[in-house]
2 protein chains.
Amino acid sequence: MCKESEYICVCRLDGIINIISKKWAILIINSIGNRGRARFNQIEEDLEGVSPKTLADTLKNLQNEQLIGRESFNEIPPRVEYYLTDEGKSLREAIVPLLKWTADRDINRTRICAYPCKNGPNRAKRVSLK
Amino acid sequence: MCKESEYICVCRLDGIINIISKKWAILIINSIGNRGRARFNQIEEDLEGVSPKTLADTLKNLQNEQLIGRESFNEIPPRVEYYLTDEGKSLREAIVPLLKWTADRDINRTRICAYPCKNGPNRAKRVSLK
DNA sequence: CAGTATCCAGCGCGATACTG
DNA sequence: CAGTATCGCGCTGGATACTG
């Protein structure tokens, strides 16, 4: 048994865990956190492999949870920026250790990319439709 | 854009995120971490609502990932204990902020239970079969 | 550019029952 | 006690195509 001060009880699941556990959620939080403000396409590029549907869905969920905000500009072509709310920022800070842990673990398995990654993540391109 | 030192790149998902994001995984890690050594039934009680199948599955995954270990004693009735490996312990430390964040968030929404929870989590009972 | 609209497969996960 | 066996539903999220 560990020290009492480290005993953490999370009795209810129905809160954030259901959001966090969605495949891309914490990576989106991280992407926006990294950038300060991020556009749809930028997040899409950071998260190599998300489909626009999934990204849109998850962004909506995160908005509903007040973790991110959305600002759209009346321009052509349209521009939309996402940013972390204060709550989102606190969440990001809370997941930093987890992200670092994950990155470190990958390093130990001789994966390619680590943190800090000065060049940013690998770029994925959305296949243009003909 | 945040400070470079805080820029965290996690380019690959196929590592731990897929495990973490399984609904009960981090709660199991936490339960075992809280207890030091935990038996199947104890974890089942901590995690109000898991089915034995899901628990067994997830425990197996976590073993495969070397995050937890398993020791079984040749007794009747059988006794099995789970514990965190060193890697599991480091993971647990990495998720503590996240768990606290979750708990704090629940408090702000006037949920019942918080941390530290000296009485431990609520007990769920496995319905005995006749 | 920043999405929607569909369609659909897979599997996560719960319910229930049984066992060494 | 600590699981396994089976069944099945629902939701996640990928593929693809289209749009204001």
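Chain naming here is simple, since letters A, B, ... match the order of the sequence lines and numbering starts at 1 in each.
Over its length, the helix from C/dC1-D/dG20 to C/dG20-D/dC1 turns its helix axis by 60°, as judged from the five terminal pairs at each end, rounded to 10°.
Distance CG (A/L59) to P (C/dG3): 7 Å, rounded to an integer number of Å. In this structure, A/L55 atom CG and D/dT12 atom C1' are separated by 15 Å, rounded to whole Å. D/dT12 atom P lies 17 Å from atom CG of A/L47, rounded to whole Å. For the pair A/K23 NZ and C/dC13 P, the interatomic distance rounds to 14 Å; values are reported in whole Å. Across the protein-nucleic acid pair, A/I76 atom CD1 and C/dC1 atom P stand 14 Å apart, rounded to whole Å. One interatomic measurement links the two molecules: CD of A/E44 to P of D/dG14, which rounds to 12 Å at whole-angstrom precision. Atom CD in A/E71 sits about 18 Å away from atom C1' in C/dG3, given to the nearest Å. Following rounding to the nearest Å, B/L27 (CG) and C/dC13 (P) show an atom-to-atom distance of 11 Å.
Side-chain atoms of B/K22 lie closest to C/dG12 of the nucleotides C/dA15, C/dG12, D/dC1. Comparing atom distances between the B/P52 side chain and each of D/dT4, D/dG13, D/dC1 picks out D/dT4 as nearest.
Here the shortest heavy-atom pairing between B/L47 and B/S31 reads CD1-CB, 4.0 Å. Scanning all heavy atoms of the two residues, the minimum distance from B/S72 to B/R70 falls at CB-NH2, 3.7 Å. Nearest heavy atoms, B/G33 versus B/R92: CA-CD, 3.5 Å. The two residues B/W24 and B/E48 have their closest heavy-atom pair at CH2-O, 3.7 Å.
Between B/D57 and B/K53 there is a salt bridge, since at least one side-chain N of the basic residue sits less than 4.0 Å from a carboxylate O of the acidic one.
Note that the CD1 atom of B/I43 and the CG atom of B/N34 stand 11.0 Å from one another [nearest 0.5 Å].
Taking side-chain N and O atoms only, A/R70 has a distance below 4.0 Å to OP1 or OP2 of C/dG3. For C/dG3, the OP1/OP2 oxygens have no side-chain nitrogen or oxygen of A/K60 closer than 4.0 Å. Contact between the side-chain N/O atoms of A/R39 and the OP1/OP2 oxygens of C/dA2 is found at a separation under 4.0 Å. Between C/dC13 and B/S51, no contact under 4.0 Å exists linking OP1 or OP2 to a side-chain N or O.
Within the 4.0 angstrom heavy-atom criterion, base atoms lie near B/K53. Using a 4.0 Å heavy-atom distance criterion, B/Y82 is classed as a sugar-phosphate-only contact.
Counting only distance, with no hydrogens or angles, the side chain of B/T102 and the backbone of B/L98 share a donor-acceptor pair below 3.5 Å.
For the pair A/A56 and A/P77, nearest-nucleotide mapping onto DNA chain C gives the more 5' position to A/P77.
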